[in-house]
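Excluded from the calculations below are hydrogen atoms, water molecules and symmetry mates; all remaining heavy atoms, backbone and side chain alike, are included. Each ligand, and each atom within it, is numbered from 1 in the order the structure gives. For clarity, every value in this text was computed on a predicted model and none was experimentally measured.
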Amino acid sequence: MYRTYHVTTFGCQMNAHDSERIKGMLESLGLGESDRPETADVLVFNTCTIREKPDTRLAAYLGDAAARKRRHPDTVIAVGGCYAEAQRERIFELYPFVDVAFGPGSIPHLGDWISAGGFAVDRGRFGSHEHFAADLPTYRERRHQAWVQISMGCNSACSYCIVPAVRGREQSRRPGEIVAEVTRLAAEGVREVTLLGQNVNSWGRDLRPALDTEFGELLRAVDRIDGIERIRFTSPHPKDFRSPVIAAIADCAAVCEHVHLPLQSGSTRVLKRMRRTYSRARYLGLVDRLRSAIPDVALGTDVIVGFPGETDRDFEETLEVVEEVRFDSAFTFIYSPRRGTEAAEMPDQVPDDVKGARLERLVESVQRIAAERNVQRVGRFEQVLVEGPSRTDPALRRGRTRRNTTVNFEGSAAPGELVDVLVEGATSTTLRGREASLVAA
Ligand code: 5AD
Ligand code: SF4
């Protein structure tokens, strides 16, 4: 008889949301969440394979899971997500103690495979992409914020990226379904939604019959839903950032002034080899359009260093773009070859020490600029959605600004409330402040 489960999640927000659905499935089977993997009957690993690092971390976690299974042979070990899908031919050879493996597209079947109540586990089942299954039971960790998936898969062909191979072709969800889900969430007390897709701004183009609407219109429709105070979305692709989307962000009161705009490289030559289909100049032009249409917009980005064939000159161009745009936040990555992608086969791979040195210089720029950008907020009032106690000091509250910066602050507002906070201090990643009501007039 299986009673408890534990889910370990790797990777991006899409995976975090998939884990909410995995948990929803398990709860609907009558299992309860255990906060410790050492004692759970069903161990699920929702994996990522975007770079090599998550693969190695997973191997360590699975080692622990195998040890638990040796002590308690009834333990069920399930491996889902992107790594499982990428390794679908080999997963049971690599990890013979795994009972169930499933790709990101087959969460709806998980319940059939892991049956609670002592039935046999259907060892080795593997399912993959099917039609868009949106209405799964979902176990939401956060009361006032929710992810809403608007599409799955990706039609881009970035030469470094494994995602199209593991998550399949883009499939959009119909607008009526999305609006219905957000309306339901609003009724449950959700105040902030994040629309999720591998490429949100190409949303809808695959739907048949063809829609007479696009992502900008979807933002407007969600903005009209009562009770939703904040709308975020991730990630857009620079190549699909058309004017109606920018206009919608500017016009809609609930859409936050924050755009995550993956740059990847500042060299047009490298961008071409990455198959990003925009140039450095086009990216910079887009940044100008965003900044002139959306006052005070915060820009985030992703950057890869050490892509095959990247020269010192190419890397300097990336640094130049970082210095010119002055991003509010940036995720920086060392290029990691992924089996089956075009770039992994390119001849001129960059040596590890060169990659490491480039990353160090990039991180230095990114952090210095982010800290300077945050210091500029000091002395201003920012609207904050309260999330809970501060992670570092329980006497403080924690929340996020519309520009997506975490703020730790003095005050008494409850989770889910929107309060104005006076910013009094800043680091490269967080702000410090106090609630407006505590500030002497
Ligand atoms: N190596 C390093 N970084 C990668 N990313 C995607 N694929 C790779 C890879 N093979 C980065 C990109 C993407 C982010 C989610 O991960 O910057 O935007
Ligand atoms: Fe997310 Fe990509 Fe990792 Fe899959 S491989 S979890 S889509 S980051």
Side-chain angles (χ1 to χ4, degrees), residues 9-18 46-58 81-83 85-87 104 147 151-167 170 194 196-202 233-241 258-267 270-271 273-278 280 283 286 299-310 314-315 318-319 321-322 325 327 329-346 348-352 354-356 358-360 362-363 365-366:
T9 307
F10 301 83
C12 63
Q13 296 186 54
M14 189 77 72
N15 246 28
H17 182 43
D18 283 350
N46 189 19
T47 63
C48 169
T49 193
I50 193 92
R51 287 169 292 274
E52 201 179 335
K53 219 190 242 167
D55 290 7
T56 28
R57 275 181 62 214
L58 173 69
C82 295
Y83 175 83
E85 180 72 41
Q87 300 292 337
W147 288 296
S151 64
M152 58 188 243
C154 181
N155 286 355
S156 301
C158 303
S159 58
Y160 50 81
C161 189
I162 191 74
V163 170
V166 295
R167 290 208 175 234
E170 182 166 45
T194 302
L196 290 180
Q198 241 77 38
N199 180 0
V200 287
N201 46 359
S202 64
F233 54 88
T234 197
S235 284
H237 193 305
K239 78 176 162 62
D240 294 311
F241 231 116
H258 171 240
V259 178
H260 187 74
L261 196 65
L263 167 67
Q264 313 301 7
S265 169
S267 152
V270 172
L271 287 168
R273 290 159 54 90
M274 289 178 162
R275 297 196 189 280
R276 292 290 288 172
T277 73
Y278 54 84
R280 163 197 177 116
Y283 185 94
L286 175 57
L299 293 179
T301 201
D302 292 342
V303 184
I304 298 175
V305 299
F307 183 80
E310 183 188 72
D314 292 319
F315 173 66
T318 296
L319 281 182
V321 173
V322 165
V325 174
F327 293 103
S329 63
F331 296 112
T332 52
F333 306 108
I334 286 186
Y335 168 72
S336 172
R338 304 280 67 201
R339 224 157 44 114
T341 61
E342 189 186 346
E345 307 302 321
M346 290 181 180
D348 33 8
Q349 300 287 327
V350 175
D352 285 348
V354 176
K355 287 183 187 169
R358 287 181 188 164
L359 184 75
E360 213 170 290
L362 176 64
V363 167
S365 287
V366 155

If the cut-off is 4.0 Å to any non-hydrogen atom of Ile304, which atoms of ligand 1 fall inside it? 3 (N), 4 (C), 5 (N), 12 (C), 17 (O)
Would you call Leu261 and Tyr283 a side-chain contact if the rule is heavy atoms closer than 4.5 Å? yes
Taking only Lys NZ, Arg NE, NH1 and NH2, and the carboxylate oxygens of Asp or Glu, determine whether Asp18 and Arg167 approach each other closer than 4.0 Å. yes
How many angstroms lie between OG1 in Thr277 and NE2 in His237, if you round to the nearest 0.5 Å? 5.0 Å
Answer with side chain, backbone, both or neither: which part of Phe333 has a heavy atom less than 4.0 angstrom from an atom of ligand 1? side chain
Counting both backbone and side chain atoms, is some N or O of Gln264 under 3.5 Å from an N or O of ligand 1? yes
Ligand 1 to Arg51, heavy atom cutoff 4.0 Å, flagged ligand atoms 1 (N), 2 (C), 3 (N), 4 (C), 5 (N), 11 (C), 16 (O)
Nearest option to atom 6 (C) of ligand 1, as decided by whichever heavy atom of Leu263, Thr301, Ile50 sits closest: Ile50
Go through ligand 1 atom by atom and flag the ones less than 4.0 Å from a non-hydrogen atom of Arg338. 10 (N)
Quick check: do Tyr160 and Arg273 have side-chain heavy atoms less than 4.5 Å from each other? no
When you check the side-chain N and O atoms of Ser265 and Glu310, is any donor under 3.5 Å from an acceptor? no
Heavy-atom check, side chain of Thr234 versus side chain of Leu196, under 4.5 Å: yes
Heteroatom proximity flag, Ser336 to ligand 1, N/O under 3.5 Å: yes
Can a non-hydrogen atom of Thr341 be found less than 4.0 Å from any atom of ligand 1? no
